[in-house]
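Below: the structure, in structure tokens.
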There are 4 protein chains.
Amino acid sequence: MSRGLNKVMLIGHLGRDPEMRYTPSGRPVTTFTIATTRTWNTSNGERHTETEWFNVVTWGNLAEICKQYLSKGQQVYVEGRLQTRRWEDSEGNKHTSVEIVANEMMILGERREPLSNNHFTESLQETHSTDEEIEEDEYPF
Amino acid sequence: MSRGLNKVMLIGHLGRDPEMRYTPSGRPVTTFTIATTRTWNTSNGERHTETEWFNVVTWGNLAEICKQYLSKGQQVYVEGRLQTRRWEDSEGNKHTSVEIVANEMMILGERREPLSNNHFTESLQETHSTDEEIEEDEYPF
Amino acid sequence: MSRGLNKVMLIGHLGRDPEMRYTPSGRPVTTFTIATTRTWNTSNGERHTETEWFNVVTWGNLAEICKQYLSKGQQVYVEGRLQTRRWEDSEGNKHTSVEIVANEMMILGERREPLSNNHFTESLQETHSTDEEIEEDEYPF
Amino acid sequence: MSRGLNKVMLIGHLGRDPEMRYTPSGRPVTTFTIATTRTWNTSNGERHTETEWFNVVTWGNLAEICKQYLSKGQQVYVEGRLQTRRWEDSEGNKHTSVEIVANEMMILGERREPLSNNHFTESLQETHSTDEEIEEDEYPF
DNA sequence: TTTT
DNA sequence: TTTT
């Protein structure tokens, strides 16, 4: 039973094809970006448009599904929590990254062909063999 | 009619009393921080706790309500959109800030005494006289 | 400042073209239905699918936009509150209806042509002349 | 990967203590009601208040947690999906019931004492022995 | 039937 | 920096 709510819901389009990697222990991680466009009218009647970009991260099964079904330009619904990570690079510079750790994803609009990926599926089988549970923050990217 | 969804919903506790300021044109802006605590169990049975901090910004009427009714430690529900702002300081360093621009707020738990603020209310009247509509990004903070 | 949250978010397809009517005072009301499909796997590996139907109601400007842009089969995102109305028909039978009173709507998927409706737009102008604010529950339908 | 969104989020107070029962196969189900109060101002400056009542259903682990920690009057956050069930009673009358099938629950406000329930815990152990997975709609209530 |  |  949690004591806090941290929920983000997005609808937007993928900025690029998703990328899948693996943690040292073999857990799949898929990342992609979503552009969300907001339009509004100012008091003097002008129309404004602003695009906000989000970094989305998915883990485990959902990571594989995202890699397999999503591609650049597609419209998706994504739900998850907001996470800020801070780290230092090798030169000691501090960085902050804000990500949506998604636990739900829905493809919107017309159905596209699932990516043809016999190859993909095979490689999944191999890598997936070590699927022990790991900490999410174990993975540096 | 919008074409994108960018929604954030938080429940957490205020890290400090809210601060209210005004844009050059007299529009009130209130900022505060919210801590959201997440707890989960790892596969080896350990219990983890992680606190995420959020910067919340409110405008106009809601800014005044937040200033008037919220105080450090209080539990609130906040709903809004996620906004990333990038700017350079006077020395040319680049900064990024991520904020929740809230359009709804609910006080949770027991009712606290509204802050005694005859003084506050008066000053509101004065400042509020110039209430023309301005762009949100007009305000640097 | 509200003290309760009652929020519904749906993504689904319209079951029929929306219908627009007017309250006695001239306020537009548009109603339509949305089908939301849920799929899940049972423990014995069977795949289940269930479709839930929702009655959606919109008022004012949004009612006009829904009438103008939505049509049967379209995929939409809808956000609003859940409302239960109880009433008796002329024969004394009691009825209950559950509706989503939507305050946000987004068209998903590919953009369709806006319905050609010079006629529609004209009639809107006429009817719209009496646009005083009325109680939502004033309208029996 | 789902193709529809059906999400309800509520904050309100419990109208009565939750009730826990078991399906024939031993799966716990807990039901309770939540009151959500909405206040708004009409155009002529009057203040209105309306309370909406929701039937909430929880299953499995969450059912046990709700039974154990919730009691009448408590403020909670509840998240789930909207479900309409139709059935006929023994006299052939048709009924419709609308429920929130919750999958998340958060207690809001001050912490109350967990209900003292050594007895409760014991009885849980016994009944829980048959914890096979069953269909949700298997349970008539 | 709850709460403020 | 909050809360439990």
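Note that these values count all heavy atoms, side chains included, but never hydrogens, waters or copies made by symmetry. As the structure is a prediction and not an experimental result, all values here were calculated from the model. In what follows, chains carry the letters A, B, and so on, assigned in the order in which the sequence lines appear, proteins first and then strands, with residues in each chain numbered from 1.
- At whole-Å resolution of the value, NZ in B/Lys72 and P in F/dT2 are 5 Å apart.
- Distance from the side chain of D/Thr37 is smallest for E/dT3 among the nucleotides E/dT3, F/dT1, F/dT3.
- One side chain, A/Asp89 or A/His95, offers a donor N or O that lies under 3.5 Å from an acceptor on the other.
- Of all heavy-atom pairs between D/Val78 and D/Met105, the closest is CG2-CG, 4.1 Å.
- Between the P atom of F/dT2 and the CD atom of B/Glu52 lies a distance of 16 Å, rounded to the nearest Å.
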Going by atom type alone, with no hydrogens or angles, which donor-acceptor pairs under 3.5 Å involve a side-chain atom of residues 7-16 of chain B and a protein atom two or more places apart or on another chain?
| residue | atom | partner | partner atom | Å |
| --- | --- | --- | --- | --- |
| B/Lys7 | NZ | B/Glu79 | OE2 | 2.7 |
| B/Lys7 | NZ | C/Glu79 | OE1 | 3.3 |
| B/Lys7 | NZ | C/Glu79 | OE2 | 3.0 |

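- The CD1 atom of D/Ile34 sits 13 Å away from the P atom of E/dT3 (whole-angstrom rounding).
- Comparing E/dT2, E/dT1, F/dT1 against the side chain of D/Thr33 picks out E/dT1 as the nearest.
- With rounding to whole Å, D/Gln75 atom CD is found 8 Å from E/dT3 atom C1'.
- At a cut-off of 3.5 angstrom, the base of F/dT2 holds at least one donor-acceptor pair with the side chain of B/Thr51.
- In this structure, D/Trp53 does not pack face-to-face on the six-membered ring of E/dT2, missing the 5.5 Å centre cutoff or the 30° plane limit.
- Rounded to whole Å, the distance from CZ on D/Phe32 to P on E/dT2 is 16 Å.
- Rounded to an integer number of Å, the gap from CD of B/Glu50 to P of F/dT1 is 18 Å.
- Residue B/Thr49 is out of contact with every strand shown, counting any heavy-atom pair closer than 4.0 Å.
- Counting to the nearest Å, the P atom of F/dT2 and the CG atom of B/Asn55 are 15 Å from each other.
- With sequence neighbours left out, D/Thr84 forms a side-chain hydrogen bond (donor to acceptor under 3.5 Å, both in side chains) with C/Glu52.
- Atoms CD1 (D/Ile107) and C1' (F/dT3) sit 14 Å apart, rounded to a whole Å.
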